[in-house]
Amino acid sequence: MEQLFRLDFIQKNDLMIVVALIFGILVFATLLFFIVGKIKPQANLTELKSRTKSWWIMATIFIGATMINATISYIALGMLSFVAFRELYSVLGFRESDRRAIFWAFIAIPIQYYLAYIGWYGAYIIFIPIVMFLFLPMRLVLKGDTDDIIKSMSLLQWVLMLTVFGISHMAYLLSLPEIKGFESGGRGLLLFLVFLTEINDVMQFTWGKLLGKHKIVPKVSPNKTWEGFMGGVISTTIIGYFLAFLTPLNTTQVLFVSFMIAVSGFIGDIVMSSIKRDIGVKDMGNSIPGHGGVLDRIDSLSFTAPVFFHLVYYIAYPNLGC
């Protein structure tokens, strides 16, 4: 009993360090931008302030749900997927005849998160990529409207993969079994993922503002530069090294995983930018007043979550099976 209490105390202590670090960085950024704005009123800090405010909201949601109760975390993440799915499908121009299939896609959200909650990996990993991939086209065909049906089949499955399957990997992190000698557990892994994804977004933006000259994809995202990308990747990889205690990974592994989070976060960002340019919108919604929709804030996590999960699953949990 005494040993279990000690391990629980260590785990909570490690997590509280990261929580304090996250909120400390947000407080520092908020004060810094306020002071710079007073000293140099001509400085354009609108985007930086907007990103900081939105991450205050997202950090409070993620950390609150994770630290208070594990079950609440699954529900909170499921709600994020629900809102993100709703935001994306509502701007993609689905047909009136697609409504029944969309209803079943919504039903898939609680099922996917329940599978994550009970830790049934074999069913979890195939439910959306295979079961829904086969079921939704059949439901569309039964309606009898074949005009643009290929577009509806493709879009609906892709929206599910991005907003539900991708994000749900964050929930499954909480269901991973304990590893001897690794006290932070699933909550530590989730905080590691969310924090690195957040800091990567901030670092790439900051380095781009400071040194950015050579644009990567000017027609998709004019503000993305090679300098910002490389600066963000290097910074995120280094920060990940110092947060290794939240993972069961050794030094080489945590450096590689941190690097992959940075790269996949960038990919998620520009993919969503390309979608918004295609459909002609600035934001995916207004779920976060003044800062766009939920998907605008978690677009990177849609890509970093599955990448991080499967790397950790393969490296640290090779004997779990299905």
Side-chain angles (χ1 to χ4, degrees), residues 62 65-66 69-82 84-85 88-89 101-140 153-194 197 246-249 253-254 256-257 260-261 264 267-268 298 301-322:
F62 279 119
T66 302
N69 183 276
T71 303
I72 294 177
S73 301
Y74 293 101
I75 296 172
L77 291 169
M79 287 303 299
L80 279 179
S81 280
F82 178 88
F85 179 87
L88 189 52
Y89 99 79
I102 292 172
F103 167 79
W104 285 107
F106 271 115
I107 295 298
I109 299 175
I111 296 175
Q112 179 73 4
Y113 278 88
Y114 177 72
L115 293 173
Y117 174 72
I118 64 176
W120 188 0
Y121 180 80
Y124 165 84
I125 206 66
I126 69 168
F127 177 64
I128 288 178
I130 297 179
V131 177
M132 295 307 292
F133 174 75
L134 297 174
F135 174 76
L136 290 176
M138 180 197 71
R139 190 63 194 81
L140 289 167
M153 289 178 179
S154 304
L155 285 178
L156 192 52
Q157 181 67 17
W158 188 81
V159 173
L160 262 183
M161 288 293 292
L162 182 72
T163 62
V164 183
F165 185 72
I167 296 298
S168 69
H169 284 82
M170 299 170 65
Y172 204 106
L173 287 172
L174 299 172
S175 296
L176 290 175
E178 294 183 2
I179 295 179
K180 186 177 181 180
F182 172 51
E183 290 83 20
S184 295
R187 292 190 298 177
L189 290 170
L190 182 58
L191 284 177
F192 181 88
L193 168 65
V194 174
T197 302
L246 290 174
T247 77
L249 308 175
Q253 292 167 348
V254 82
F256 175 69
V257 167
M260 290 302 297
I261 287 177
S264 57
I267 295 172
I298 64 172
L301 281 167
S302 298
F303 280 67
T304 61
V307 169
F308 175 70
F309 174 87
H310 288 288
L311 284 174
V312 170
Y313 192 85
Y314 175 77
I315 294 170
Y317 301 87
N319 299 319
L320 282 185
C322 295

If you round to the nearest 0.5 Å, how far is [atom2] of [Y] from [atom1] of [X]?
X: L162; Y: Q157; atom1: CG; atom2: CD; result: 11.5 Å
X: L155; Y: L160; atom1: CG; atom2: CG; result: 11.5 Å
X: I125; Y: S168; atom1: CD1; atom2: OG; result: 8.0 Å
X: I167; Y: I298; atom1: CD1; atom2: CD1; result: 4.0 Å
X: I111; Y: W104; atom1: CD1; atom2: CH2; result: 8.0 Å
X: L249; Y: L311; atom1: CG; atom2: CG; result: 9.0 Å

Verify side-chain contact (heavy atoms from CB on, under 4.5 Å) between V312 and T247, making sure each step is shown before the conclusion.
CA-CA 9 Å; V312 170; T247 77; 6.0 Å; no
In chain order, what residues pass the side-chain hydrogen bond (donor to acceptor under 3.5 Å, both in side chains) check against T163, with sequence neighbours excluded?
none
Within the structure provided, determine whether Y89 and L156 are in side-chain contact (heavy-atom separation under 4.5 Å).
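Y89 vs L156: side chains apart.
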Considering the options F308, Y113, Y124, Y313, which one meets the ring pair (Phe, Tyr, Trp, His ring centres under 6.0 Å) requirement together with H169?
Y124
Could you pull out all donor-acceptor pairs under 3.5 Å where a side-chain atom in residues 170-180 meets a protein atom, sequence neighbours excluded?
| residue | atom | partner | partner atom | Å |
| --- | --- | --- | --- | --- |
| Y172 | OH | G119 | O | 2.9 |
| Y172 | OH | Y121 | N | 3.1 |
| S175 | OG | Y74 | OH | 2.6 |
| S175 | OG | A116 | O | 2.5 |
| S175 | OG | Y117 | O | 3.4 |

Which heavy atom of P248 sits nearest to which heavy atom of L189, and what is that distance?
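Taking every non-hydrogen atom into account, CD-CD2, 3.8 Å.
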The side-chain contact (heavy atoms from CB on, under 4.5 Å) partners of P129 (sequence neighbours excluded) come to M161, F165
Any chance you could lay out the side-chain contact (heavy atoms from CB on, under 4.5 Å) test for V131 and Q112, step after step, and finish with the verdict?
CA-CA 11 Å; V131 177; Q112 179 73 4; over 6 Å; no
Please determine whether side-chain contact (heavy atoms from CB on, under 4.5 Å) holds for the pair L88 and W158, giving the CA-CA distance in whole Å, both sets of side-chain angles, and the decisive distance to 0.1 Å.
CA-CA 10 Å; L88 189 52; W158 188 81; 3.8 Å; yes
